[in-house]
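Have a look at the structure below before the remarks.
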2 protein chains.
Amino acid sequence: MATQQRRERERARRASLIVSAAREMAEAEGWDSVTIRKLADRIEYSQPVLYGHFAGRGAIVDAVALEGFEELAESMERARTSAEDGGELEAMAQAYLDFAAAKPAVFEAMFTLAEGLQFGDEALEPLKAGFASLYAVFAPLAGEGQDPETLTETGWAAIHGLATLNRDGRLRPGLQSQRLQILLQRFRGGSGA
Amino acid sequence: MATQQRRERERARRASLIVSAAREMAEAEGWDSVTIRKLADRIEYSQPVLYGHFAGRGAIVDAVALEGFEELAESMERARTSAEDGGELEAMAQAYLDFAAAKPAVFEAMFTLAEGLQFGDEALEPLKAGFASLYAVFAPLAGEGQDPETLTETGWAAIHGLATLNRDGRLRPGLQSQRLQILLQRFRGGSGA
DNA sequence: GAGCTGATCCTAGCACCGCTAGACTTCCGA
DNA sequence: TCGGAAGTCTAGCGGTGCTAGGATCAGCTC
């Protein structure tokens with residue numbers, strides 16, 4: 001009886017060990033070098049054990065991505081709620097860009113590697129939470145007769161584009177905050193100072 | 001003497017055959033299934049022949065990406081120059097989004113797979129041409145004391161984010177043109193009608 | 001406490017990948 | 001005609017994700 005629970009605990013613990021090992025390896029050497037063999041070595045089990053926890057390599061990447069979405073949502077929400085009046089958008093956008101810059105491998109898992117994550121109405125909780133944070137900030141900026149959700153998507157895309165192009169070295173380095181300022185100015189229609 | 005030239009021609013022809021085969025396969029079945037072996041089968045040569053043309057698989061992907069940049073730059077420039085007054089930004093942005101939607105595999109090669117392409121000041125011609133088109137449209141929109149190049153980067157990122165998030169199914173389908181309208185309205189500061 | 005049963009784990013191997021060494025064939029120029 | 005260079009192929013190396021099948025070990029039953 002209690003045995004069953006202990007096993008369950010150990011299983012869960014090992015699963016999260018796999019995920020964090022994958023994450024660390026990816027962040028240190030890139031996703032290409034995260035192989036099942038190395039992962040198995042790292043956690044000191046044979047390869048088949050990994051398949052007892054995840055359907056395959058892709059599922060492990062997805063798990064890292066999901067963890068990333070949780071953290072991103074949390075970061076954004078914290079930034080938003082602790083910002084002073086009028087500074088919510090900037091704080092949240094900055095949190096997004098910081099996340100992308102600080103955890104590039106996780107970000108990559110979330111937005112270019114993940115394949116099994118559901119979006120839209122049936123999305124998992126962390127994904128919805130992240131969008132909700134964005135919505136809370138963008139919706140008030142919607143103009144007359146403008147759908148706030150569509151505006152949110154647009155604003156998200158703008159921030160996201162900034163994050164990805166910058167990460168891939170396609171924008172001039174050292175100017176990210178200037179670009180963010182321009183974006184903010186355009187979206188809230190202010191002076192940009 | 002003439003033999004040398006004929007050989008040169010045949011070589012070039014075969015190189016472009018490889019690139020277009022890779023491109024077609026990627027567009028049809030995804031980049032994962034573009035393997036050197038299948039590619040060799042397709043062009044009816046053995047694998048080592050491919051390595052006489054390209055340093056490796058990555059170089060082939062890069063070649064497809066470069067071709068993509070040429071086409072994208074051309075599309076944007078055509079859209080921009082043939083648009084009626086005041087419609088340049090919309091036409092160009094639309095061209096960008098259309099390209100991403102119509103040729104997803106090429107777009108993927110350009111922005112997530114390519115590894116050997118230089119950006120910035122030493123970028124290849126097509127990349128510079130593409131940015132020049134963007135610059136021509138965005139620069140006039142720069143506000144007082146605002147760096148036009150930084151504005152261009154920001155605008156590009158916004159459009160790019162729209163393209164990628166939409167491609168990955170992370171935005172509600174069927175609303176891309178509404179999102180573009182919102183973006184345009186925000187960037188030119190107009191009414192958005 | 002002995003024996004059974006089911007969960008757990010590993011060894012070994014499949015089919016595929018990118019890439020390359022070395023042999024063979026073909027063609028050109030002297 | 002013949003020698004050398006260019007071109008091409010076969011075969012194979014080390015790696016990948018993934019899995020079948022057997023061994024081992026824990027816990028339950030009597």
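This structure is a prediction, so every number in the text was calculated from the model and none was measured. Residue numbering restarts at 1 for every chain, and letters A, B, ... go by the order of the sequence lines.
Screening A:E71, A:E27, A:E108 against A:K103 for a salt bridge (Lys or Arg N to Asp or Glu O under 4.0 Å) leaves a single residue, A:E71. Of the residues listed (B:E74, B:E67, B:E70), the one engaging B:P126 in a side-chain contact (heavy atoms from CB on, under 4.5 Å) is B:E70, and it is the only one.
To the nearest angstrom, P of D:dC18 lies 8 Å from CZ of A:R57. Here the P atom of nucleotide D:dG21 and the OH atom of A:Y51 are 18 Å apart, to the nearest Å. Here D:dG12 presents its P atom at 21 Å from CD1 of B:I36, a figure rounded to the nearest Å. One interatomic measurement links the two molecules: CZ of B:R37 to P of C:dC16, which rounds to 9 Å at whole-angstrom precision. Nucleotide D:dG7 holds its C1' atom 18 Å from the CZ atom of B:R9, rounded to whole Å. Atom pair A:H53:NE2 and C:dT8:C1' shows a separation of 10 Å (rounding to whole Å applied). When the C1' atom of D:dG17 is taken as reference, atom CH2 of A:W31 falls 15 Å away, rounded to whole Å. To the nearest angstrom, C1' of C:dT26 lies 13 Å from CD of B:E10.
In terms of heavy atoms, A:I43 sits closest to A:I18 at CD1-CG1, 3.7 Å.
With hydrogens and angles ignored, a donor-acceptor pair under 3.5 angstrom links the side chain of B:Q47 to the base of C:dC19.
Using a 4.0 Å heavy-atom cutoff across all strands shown, A:R14 reaches sugar-phosphate atoms only and no base atom. Residue A:T35 is classed as a sugar-phosphate contact, given heavy-atom separations below 4.0 Å to backbone atoms only.
Not less than 6.0 angstrom separates the ring centroid of B:F131 from the ring centroid of B:F138.
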